[in-house]
Asks: 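I have a structure here, written as structure tokens, and I will follow up with some questions on it.
Naming convention: chains lettered A, B, ... in sequence-line order (proteins, then strands); numbering from 1 in each chain. This is a predicted model, so every value here is computed, not measured.
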Number of protein chains: 2
Amino acid sequence: MQEITGLELSPKKVEYLKFLLKKGDLVKTTDISTELNVDPSTSTKTINDLSESGYVDHIPYRGVRLTEIGREFAEFFVNRHNILSLMLSHYGLSSDDACIEVSRFEAFVSKDAIDTICGAMGHPTVSVCGKIKHSSCNLH
Amino acid sequence: MQEITGLELSPKKVEYLKFLLKKGDLVKTTDISTELNVDPSTSTKTINDLSESGYVDHIPYRGVRLTEIGREFAEFFVNRHNILSLMLSHYGLSSDDACIEVSRFEAFVSKDAIDTICGAMGHPTVSVCGKIKHSSCNLH
DNA sequence: TAATAATTTGGAATATATGCAAATAATTTG
DNA sequence: CAAATTATTTGCATATATTCCAAATTATTA
């Protein structure tokens, strides 16, 4: 198990990990660049950063996959996104607006806060953006 | 009246404006550097940025004050902080934790979202961090 | 006015993110 | 299978945000 604070990665890198989790297995850096609307050279560079930090394995010219640690983080990131989106939807934001809004700030919300919020909500399993798992929720 | 999206300024610059509003009138760049724990040269530079963008007037060696536009923004920033803190406190975060958490991400929450949240809350006038005004709330 | 304190300027560094052009590797095709 | 094409990476180069240190400048105090 990893100690996750939730503040380890920049917003963009969080996006990368979430996308890698969604795609699963070996992902081309070009797929990432298409999805995130950046130049292929940019996604390669960012992936190299993530690789050096241990979140992904990168086989040059072949593809990228999450490490075990990377997967743990990615799962937390997806949950965080979903919990925050659900929270905002409780305050009148549409699913789309909640999702867009959360995407902008989610990287700056700590795991402790998410665990607390998740607990206060009664550990919901469905959000407006997708399903919520609780394997990483310390208060479950 | 200004069109405020809420996403105009970086986190640090938001802090600067909120501090200037709290201190009021002419504020020394050194006071800012003390409050925000940065070198005086850093606060001078940031203040110069804010000055070029029209948020503050800076009289070198004398002090800084908010422009009318800067004040509008600063008031929105304080309200945004308070509304978001109140929201998190509804999900089990202590006042302090809510405040700390919000400080990290508030700069990335849009005014539209804040107006919606504020409306869903019934336009509260008191938060865990301070009072809330509604002069700038479009849904009030 | 001279010494001291406050403030600003100039230079430099880090982190994050980006794209273009050239080089390299993989894949397709004839 | 070799040549052509496509995909991917590397090497610059740039931009923004933030920071600090040392030197220069201005204000204040003694």
Side-chain angles (χ1 to χ4, degrees), chain A residues 5-20 23 25-66 70 73-74 77 103-109, chain B residues 5-20 23 25-66 70 73-74 77 103-109:
Chain A
T5 69
L7 308 176
E8 292 86 352
L9 294 180
S10 68
K12 270 289 167 188
K13 285 177 179 156
V14 169
E15 275 195 76
Y16 278 69
L17 289 208
K18 288 196 296 179
F19 177 66
L20 289 174
K23 280 300 288 289
D25 213 55
L26 205 60
V27 181
K28 299 281 192 177
T29 55
T30 310
D31 291 346
I32 302 172
S33 72
T34 302
E35 172 79 9
L36 304 186
N37 284 301
V38 295
D39 192 90
S41 66
T42 299
S43 59
T44 298
K45 278 193 177 66
T46 306
I47 285 299
N48 285 344
D49 283 356
L50 288 169
S51 172
E52 278 172 29
S53 311
Y55 297 101
V56 303
D57 288 326
H58 182 204
I59 306 152
Y61 297 101
R62 289 299 178 179
V64 193
R65 63 163 50 102
L66 290 168
F73 273 83
F77 293 154
S103 296
R104 234 185 283 108
F105 69 78
E106 59 189 15
F108 306 102
V109 181
Chain B
T5 69
L7 308 175
E8 292 86 353
L9 293 180
S10 68
K12 270 289 168 188
K13 284 178 180 157
V14 168
E15 276 196 75
Y16 277 69
L17 290 208
K18 288 197 297 178
F19 178 66
L20 289 174
K23 280 300 289 288
D25 213 54
L26 205 62
V27 180
K28 298 282 192 177
T29 54
T30 310
D31 290 346
I32 300 171
S33 71
T34 303
E35 173 78 10
L36 304 186
N37 284 301
V38 294
D39 193 90
S41 66
T42 299
S43 59
T44 298
K45 276 194 178 61
T46 304
I47 285 299
N48 285 346
D49 283 355
L50 288 169
S51 173
E52 279 172 29
S53 311
Y55 296 101
V56 304
D57 288 325
H58 182 205
I59 306 153
Y61 297 101
R62 290 301 178 176
V64 192
R65 62 163 50 103
L66 291 168
F73 273 84
F77 294 154
S103 297
R104 237 185 280 109
F105 70 78
E106 59 189 16
F108 305 103
V109 182

Asks: Which nucleotide in the list C:dT9, C:dG19, D:dT26 gets nearest to the side chain of B:Tyr61?
Replies: D:dT26
Asks: Atom CZ of A:Phe108 and atom P of C:dT16: how far apart are they, to the nearest Å?
Replies: 11 Å
Asks: Counting the atoms with a prime plus P, OP1 and OP2 as sugar-phosphate, which does A:Ser41 contact under 4.0 Å by heavy atoms, base, sugar-phosphate, or nothing?
Replies: base
Asks: Tell me if a side-chain donor or acceptor on B:Glu8 pairs with a main-chain N or O of B:Gly6 at a distance below 3.5 Å.
Replies: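 At least one qualifying donor-acceptor pair exists.
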Asks: From the options D:dT10, D:dT19, D:dA27, select the nucleotide whose nearest atom is closest to the side chain of A:Lys45.
Replies: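 Within the option list, the nearest is D:dT10.
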Asks: Side-chain N or O of A:Thr29 less than 4.0 angstrom from OP1 or OP2 on D:dT9?
Replies: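 For D:dT9, OP1/OP2 do have a side-chain N/O of A:Thr29 under 4.0 Å.
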Asks: Want to settle it: does A:Ser10 or B:Asp39 sit nearer the 5' end of DNA chain C, counting the closest nucleotide to each?
Replies: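 Going by which nucleotide is closer to the 5' end, it is B:Asp39.
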Asks: Return the nucleotide paired to C:dG11: Watson-Crick means purine N1 to pyrimidine N3 with N6-O4 or O6-N4, wobble means G-U with N1-O2 and O6-N3, both under 3.5 Å.
Replies: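 Pairing partner: D:dC20.
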Asks: What does B:Pro40 touch in the nucleic acid at a heavy-atom separation under 4.0 angstrom: a base, only the sugar-phosphate, or nothing?
Replies: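 Since a base atom lies under 4.0 Å of B:Pro40, the category is base.
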Asks: Just name whichever nucleotide pairs with C:dT4, Watson-Crick or G-U, keeping both distances under 3.5 Å, else none.
Replies: D:dA27
Asks: For the side chain of B:Thr44, starting at C-beta, report the closest nucleotide among D:dT19, C:dT9, C:dG19.
Replies: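 That would be C:dT9.
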Asks: Does A:Lys28 or A:Lys13 map to a spot on DNA chain C nearer the 5' end, using the closest nucleotide for each?
Replies: A:Lys13
Asks: Out of curiosity, A:Lys28 NZ to A:Ser43 OG, how far, rounded to the nearest 0.5 Å?
Replies: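 It comes to 12.0 Å.
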Asks: Please work out whether the ring planes of A:Phe73 and A:Tyr55 are parallel, tilted or perpendicular, with thresholds of 30° and 60°.
Replies: perpendicular
Asks: Respond yes when some side-chain nitrogen or oxygen of B:Arg62 is under 4.0 Å from OP1 or OP2 of D:dT28, and no when none is.
Replies: yes
Asks: In whole angstroms, how far is the C1' atom of C:dG19 from the CD1 atom of A:Ile32?
Replies: 17 Å
Asks: For a quick check of understanding: with a heavy-atom distance under 4.0 Å over all strands, which category does A:Asp49 fall into, base, sugar-phosphate or nothing?
Replies: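 Nothing: the residue A:Asp49, judged by heavy atoms under 4.0 Å, touches no strand.
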Asks: Could you tell me whether B:Lys18 and B:Glu15 have a side-chain N and a carboxylate O separated by less than 4.0 Å?
Replies: no
Asks: Measure from CG on B:Leu50 to P on D:dT16 and round the result to the nearest Å.
Replies: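 Whole-Å distance recorded here is 16 Å.
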Asks: Check the phosphate of C:dT18 against A:Asn37, side-chain N and O only, distance under 4.0 Å to OP1 or OP2. Yes or no?
Replies: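 A:Asn37 to C:dT18 OP1/OP2: no side-chain N or O under 4.0 Å.
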Asks: Just compare D:dC20, D:dT18, C:dT18 and give me whichever is closest to any side-chain atom of B:Val38.
Replies: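 The answer is D:dC20.
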Asks: With A:Val56 as reference, evaluate A:Ile47, A:Thr46, A:Val27 under the side-chain contact (heavy atoms from CB on, under 4.5 Å) test and give the passing residue.
Replies: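 By the side-chain contact (heavy atoms from CB on, under 4.5 Å) criterion, A:Val56 pairs with just one of A:Ile47, A:Thr46, A:Val27: A:Ile47.
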Asks: Taking CD1 from B:Ile47 and C1' from C:dA6, how many angstroms apart are they, rounded to a whole number?
Replies: 16 Å
